[in-house]
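Structure first, commentary second.
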Amino acid sequence: MQGGGIAPPRWGGGMQIQGYLGCCHLIYKLVVSIWGPESPGMRAWAALRLLLLSLGAWTALAQPFECAPGCTERGNCNPDTGDCICPYGYVGKACEIDALSACRLAPGSPATCTERVTQNCQCLQQCEAFHCKDGVGCGRYVASPGRGCFTREGVPPEQQTNKAPEEGEAGVKYYKGWKPGAEEAKTPEEILEVMRWDKWLTVAPSKCPESCFGRGFCMKWWEAKEEGHPWCLCHRGFEGGACETEDDKWCLLKCSGRGKCHDYFCHCKPPYFSLGCSRDHAVPHTALRPSPVRFKIYMYELNTQFSYPLIRDLGEPRTEIGTALYAAYYKFQESFMYSSVRTYDPTEANMFFVPTFMYEWTGPPGDGNEYLNILFDHIRQTYPFWNRTDGRDHFFFHTADRGGCCMSELALKPVHLIHFGYYLPDPGKSNLTTVRQLSKGMGYSCYHPQRDVVVVPEEAQFKQWAQRNKGMTIDDILKQKTKLLFFMGGALDSSPYAIEFSGNARQILDRLELEWKDPEMELLWKARSTVPDQPGFSMEEAYRRNKFCFCPYGWGFGNRLGQAMMAHCIPVIVQEHTFQPYEDLLPYETFSIRLTNSDLPRIREILRNVTDQQYRGMLQQLIRYRDAFHWYADEGGRAFDWTIASLRRRWQNLKALYY
């Protein structure tokens with residue numbers, strides 16, 4: 001990813017590894033000269049040499065290595081390799097090089113490459129150099145070439161900052177793009193357009209209270225650019241009307257109380273390091289092979305240039321703090337850091353976790369192939385473990401709407417932890433146009449049943465729902481049931497892409513409900529129902545008063561299944577060709593009903609034919625497995641446990657050569 005003169009970070013103890021393997025080769029040549037190439041002693045040495053080459057590089061690192069002097073002043077020392085793990089934007093043996101200096105409001109403040117605010121032209125050029133490799137890997141994150149920017153003439157690049165110009169500030173020039181040679185904006189109207197992004201306008205910091213304390217950008221709404229009040233768009237880690245309040249909730253586990261939260265990066269107190277300051281020592285790498293009984297996972301300790309939840313769009317609801325639908329990767333990390341399944345010794349690991357933070361790179365619709373292939377190529381060339389199985393014992397999360405539907409090259413190799421389990425062996429036969437387009441060349445559609453894992457999405461409301469479930473008996477639950485079938489959501493029936501949305505299941509039921517007008521069916525369609533907007537309406541209570549709940553998917557994965565499980569409503573799953581979370585482990589047939597689109601005209605008869613005794617039995621099974629559908633371990637959540645069990649099954653599948 002180096003470019004534009006940025007020094008690459010020092011990766012993975014490469015000098016020690018190369019020296020070790022070189023030493024093995026010299027010994028090999030000496031033994032050949034003494035014994036001859038075909039002697040019994042030589043054959044024994046050959047077998048030993050293979051073992052040394054496969055394990056020796058990491059056995060050689062079976063002692064803690066010191067990092068460069070000054071590393072812990074800004075970064076964290078990784079004693080496994082002697083590398084300094086740097087905050088986002090910094091590189092070098094001791095994080096001494098600020099590769100995104102022009103992307104900071106002041107030295108030491110967080111850097112951002114977002115295009116939502118108008119930034120320094122030098123910043124956007126630095127972002128390209130930092131994130132791209134030979135013109136590849138930029139993806140959605142680097143600003144589009146036509147994004148306007150400003151620069152301060154006569155100021156050296158290393159002294160440029162992202163602070164928006166004050167009105168009438170001398171020496172400032174504005175450009176209609178950030179690439180060299182972009183046209184200059186000269187008129188007041190053109191300059192105003194440069195400072196605009198969609199509905200937002202970046203204005204001088206002095207317009208905002210306390211200039212946002214240098215911790216955020218001063219903004220206005222475009223429609224109110226003349227009379228509207230400016231407001232502070234704060235960097236991650238700061239809150240308040242003037243960004244005056246620091247908040248460590250952005251950092252994983254709040255740095256375990258062992259460090260300072262800076263943006264998302266934990267600057268740990270020595271000797272702590274790793275995500276959330278969760279480690280404090282290196283361990284001997286002595287295992288000859290992973291145990292087939294004691295399942296262990298090793299997490300790569302990656303620098304922020306490769307592994308970091310980027311501030312793609314300032315002001316978006318943050319996924320890292322576990323409040324958004326796409327944050328399952330964050331909840332997994334919270335549990336994994338101190339789990340007994342984690343090992344610090346990669347030589348005893350059955351599987352390898354790559355913390356990609358994919359959602360931060362792509363958002364809901366993205367694929368992120370460029371980023372993934374650069375990352376996996378780095379892992380392949382730096383560590384000895386990828387090449388043992390061609391990456392098939394590695395895994396990463398991709399929680400976007402259709403997270404696994406567009407993978408290529410190295411990104412196809414590992415286990416994908418996704419939410420959308422859509423599967424057809426031949427993507428060309430899918431009735432989803434975008435799947436046919438995105439998945440061609442993969443050999444399957446979105447999900448590989450014997451390799452990938454469908455995990456449950458994160459929903460913050462489930463913490464409260466789980467609390468309310470405690471102590472509730474099956475008779476308490478049955479007393480609440482007064483309706484037959486519930487659904488709340490959209491159908492997009494008039495859209496030309498309607499079939500893309502839920503595989504046509506929502507649209508079919510929507511049309512049927514218009515015919516039936518059945519009072520026992522509580523179907524609240526977004527296009528025509530006003531019930532959800534009425535005071536006192538509760539979605540949770542609606543789930544709880546219905547016996548059954550319609551669970552289609554949406555544009556990608558659906559979240560109604562988890563909601564139904566957590567509110568004691570038997571799921572009616574209508575998702576053709578789509579695997580559900582942990583489906584190869586959980587007995588779905590005991591707590592849910594599975595239908596096809598062609599069954600929907602008979603859905604009322606099907607549900608009403610379920611006897612009270614059958615319903616009670618299904619409800620008992622639902623209660624037994626409901627906690628598999630949420631991540632809050634302190635409230636009984638078992639999503640982490642079922643995810644680990646699924647990964648262990650995938651490791652068994654790998655050993656059986658199923659993929």
Side-chain angles (χ1 to χ4, degrees), residues 421 453-459 461-488 520-523 538-553 558-575 578-596 599 602-646 649:
V453 177
V454 181
V455 300
V456 296
E458 148 66 351
E459 291 210 43
Q461 61 190 347
F462 285 174
K463 186 176 180 69
Q464 288 72 39
W465 292 22
Q467 291 170 350
R468 286 189 277 274
N469 287 339
K470 290 180 179 178
M472 192 177 291
T473 68
I474 193 167
D475 290 321
D476 294 333
I477 295 168
L478 287 169
K479 288 177 184 177
Q480 296 177 314
K481 304 301 180 184
T482 59
K483 294 279 189 176
L484 180 67
L485 180 67
F486 174 70
F487 175 75
M488 184 175 74
E520 287 192 23
M521 297 176 65
E522 193 173 2
L523 304 179
S538 166
M539 182 183 71
E540 179 189 355
E541 291 176 4
Y543 270 106
R544 292 187 184 276
R545 66 174 165 260
N546 277 269
K547 294 179 66 177
F548 301 96
C549 288
F550 178 53
C551 300
Y553 60 78
N559 62 333
R560 270 78 179 180
L561 172 60
Q563 293 171 354
M565 293 293 293
M566 290 300 295
H568 302 140
C569 184
I570 298 298
V572 181
I573 304 170
V574 188
Q575 301 185 29
T578 306
F579 284 79
Q580 302 305 302
Y582 321 124
E583 189 168 345
D584 59 334
L585 299 177
L586 297 178
Y588 271 79
E589 68 278 5
T590 68
F591 58 77
S592 68
I593 293 175
R594 192 76 185 245
L595 302 178
T596 65
D599 293 322
R602 299 185 301 110
I603 190 172
R604 294 185 299 172
E605 291 81 2
I606 292 170
L607 300 184
R608 285 174 174 144
N609 282 335
V610 177
T611 67
D612 290 345
Q613 183 178 358
Q614 290 171 334
Y615 186 82
R616 187 183 186 94
M618 295 182 74
L619 202 53
Q620 287 173 330
Q621 289 295 97
L622 182 149
I623 294 169
R624 181 178 179 181
Y625 292 106
R626 71 186 173 201
D627 288 330
F629 291 82
H630 75 96
W631 291 92
Y632 291 92
D634 56 340
E635 301 297 342
R638 299 289 305 282
F640 176 77
D641 298 329
W642 286 102
T643 301
I644 295 298
S646 296
R649 175 67 58 85

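Along the sequence shown, residues carry numbers from 1. Treat the numbers as computed from the prediction; the structure is a model and nothing was measured.
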Any heavy-atom pair between the side chains of Ile474 and His568 that's under 4.5 Å?
no

Atom CD in Gln563, atom CH2 in Trp465: separation rounded to 0.5 Å?
5.0 Å

Indicate the atoms forming the closest heavy-atom contact of Met488 with Phe486, along with that distance.
CB-CZ, 3.6 Å

Taking every heavy atom of Glu540 against every heavy atom of Ala567, the minimum-distance pair comes out as O-CB, 4.4 Å

In Arg608, Arg545, Lys547, Lys481, the residue satisfying salt bridge (Lys or Arg N to Asp or Glu O under 4.0 Å) with Glu520 is Arg608

Determine whether Ile606 and Val572 satisfy the following criterion, side-chain contact (heavy atoms from CB on, under 4.5 Å), listing intermediate values before the conclusion.
CA-CA 11 Å; Ile606 292 170; Val572 181; over 6 Å; no

Quick one: does Ile593's side chain get under 4.5 Å of Leu607's, heavy atoms only?
yes

Kindly assign one of parallel, tilted or perpendicular to the pair Tyr632 and His630, based on the angle between their ring planes and the thresholds 30° and 60°.
parallel

So, the side chain of Arg638 versus the backbone of Tyr625: is there a donor-acceptor pair under 3.5 Å, distance only?
no

Using a 4.5 Å cut-off on heavy atoms from C-beta on, say whether the side chain of Leu586 contacts that of Phe629.
yes

What I'd like to find out is whether the side chain of Gln580 reaches to under 4.5 Å of the side chain of Tyr588, using heavy atoms alone.
yes

Distance col, row Ile477:CD1 vs Leu622:CG, nearest 0.5 angstrom, shows 8.0 Å

State, with a plain yes or no, whether a side-chain heavy atom of Glu635 is found less than 4.5 Å away from one of Phe462.
no

Polar side chain donor-acceptor pair, Tyr582 to Thr643, under 3.5 angstrom
yes

Check whether any side-chain N or O of Trp642 sits under 3.5 Å from a backbone N or O of Asp627 as a donor-acceptor pair, and report yes or no.
no

